[in-house]
Amino acid sequence: MKTQQFVVIGLGRFGSSLAMELMDLGYEVLGVDINEEVVNDMSEHLTHAVVADATDEEVLKSLGIRNFDCGIVAIGDDIQMSILAAILLKELGVQTVVAKAISMLHGKALSKLGVDRVIFPERDMGIRVAHQLVTPNLLDYIELSKDYSIVEMTVPQCLNGKTLSEVNTRARYGCSIVALHRTEGVIVAPTAMDQLHAGDIMVIIGSNSNIDRFESEAVNVKS
Ligand code: ATP
């Protein structure tokens with residue numbers, strides 16, 4: 001399979017962390033930043049890092065930007081720069097363009113210009129932390145739609161040793177346990193006879209209200 005190649009425009013806190021994680025995951029990453037100091041700091045961590053103005057079409061062409069599978073515009077503060085860079089990546093033929101937005105209006109503009117995915121890191125992290133603060137057992141969650149999510153929760157002591165059929169989340173709470181992480185590995189699509197062990201992480205899918213009900217009635221119970 002062809003290695004996916006990423007270009008990250010803007011190596012601030014968000015861009016550099018994203019670029020380094022992609023490297024850790026085994027992908028090739030070109031980092032582009034207008035600031036030489038930033039590029040020097042990152043050069044040893046990325047496949048390539050270059051000093052360039054991402055709003056200069058000729059410079060982007062000379063970097064062979066159109067050959068990248070995915071381009072991420074991680075410039076936030078200067079909305080004009082962010083929008084120009086995103087337009088150029090699209091126009092030069094980068095297959096998937098992702099851009100960070102710092103406000104709803106910024107995000108709307110990026111979407112209208114055909115950016116494939118707009119992300120709001122500060123807003124999303126704020127929402128995530130709020131959910132974790134009010135639901136102590138919640139480790140992580142992915143919003144599938146406004147009403148449906150996939151969440152990760154630790155199996156509490158009160159469910160230790162129970163089989164999935166005993167807990168019967170589907171009939172009782174309308175949500176399903178779709179995976180269990182334990183030290184020995186991950187059980188994907190566990191069967192009715194699989195047992196929960198306190199400390200396992202269960203991955204649950206369902207409507208937010210049903211997951212909340214399961215959490216408050218079955219998980220957050222003092223044994
Ligand atoms: P973060 O929160 O991720 O630190 P930020 O939202 O504060 O970033 P900026 O500081 O505006 O965003 O930009 C991030 C990086 O993008 C900076 O390192 C900056 O030098 C770089 N940058 C800004 N404009 C351009 C441009 N036209 N071309 C390339 N890089 C740019």
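We count ligands from 1, going down the list as the structure has it; atoms in each ligand are counted the same way.
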Q: Do the non-hydrogen side-chain atoms of Ile187 and Asp194 ever get within less than 4.5 Å of each other?
A: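 A side-chain contact under 4.5 Å exists here.
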Q: Should His197 and Asn160 count as side-chain neighbours, where that means a heavy-atom distance under 4.5 Å?
A: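 Yes - at least one pair of side-chain heavy atoms lies under 4.5 Å apart.
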Q: Any side-chain heavy-atom pair from Cys70 and Gln95 closer than 4.5 angstrom?
A: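 When only atoms from C-beta onward are counted, Gln95 and Cys70 do not touch, as no gap falls below 4.5 Å.
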Q: Do Arg128 and Asp140 have side chains that approach each other closer than 4.5 Å (heavy atoms only, starting at C-beta)?
A: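 Yes, their side chains come closer than 4.5 Å.
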Q: Within a strict 4.5 Å, meaning less than it, do heavy atoms of the Ile204 and Ile150 side chains meet?
A: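 The answer is no, as the side chains (C-beta and beyond) never meet within the 4.5 Å cut-off.
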Q: Taking side chain as C-beta onward, heavy atoms only, is Phe214 less than 4.5 Å from Val167?
A: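 Sidechains of Val167 and Phe214: in contact.
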Q: Please tabulate, one line per pair, the protein N or O atoms found under 3.5 Å from any N or O atom of ligand 1, giving the distance to one decimal.
A:
unit_1, atom_1, unit_2, atom_2, d
ligand 1, 2 (O), Arg13, NH2, 2.9
ligand 1, 2 (O), Lys100, NZ, 3.2
ligand 1, 3 (O), Arg13, N, 3.1
ligand 1, 3 (O), Phe14, N, 2.7
ligand 1, 3 (O), Lys100, NZ, 3.4
ligand 1, 4 (O), Arg13, N, 2.8
ligand 1, 4 (O), Arg13, NE, 2.9
ligand 1, 6 (O), Lys100, NZ, 2.9
ligand 1, 7 (O), Asp77, OD2, 3.2
ligand 1, 11 (O), Asp77, N, 3.1
ligand 1, 12 (O), Gly76, N, 3.2
ligand 1, 18 (O), Asp33, OD1, 3.4
ligand 1, 18 (O), Asp33, OD2, 2.7
ligand 1, 20 (O), Asp33, OD1, 2.6
ligand 1, 27 (N), Asp53, OD1, 2.9
ligand 1, 28 (N), Ala54, N, 2.9
ligand 1, 30 (N), Ile34, N, 3.1

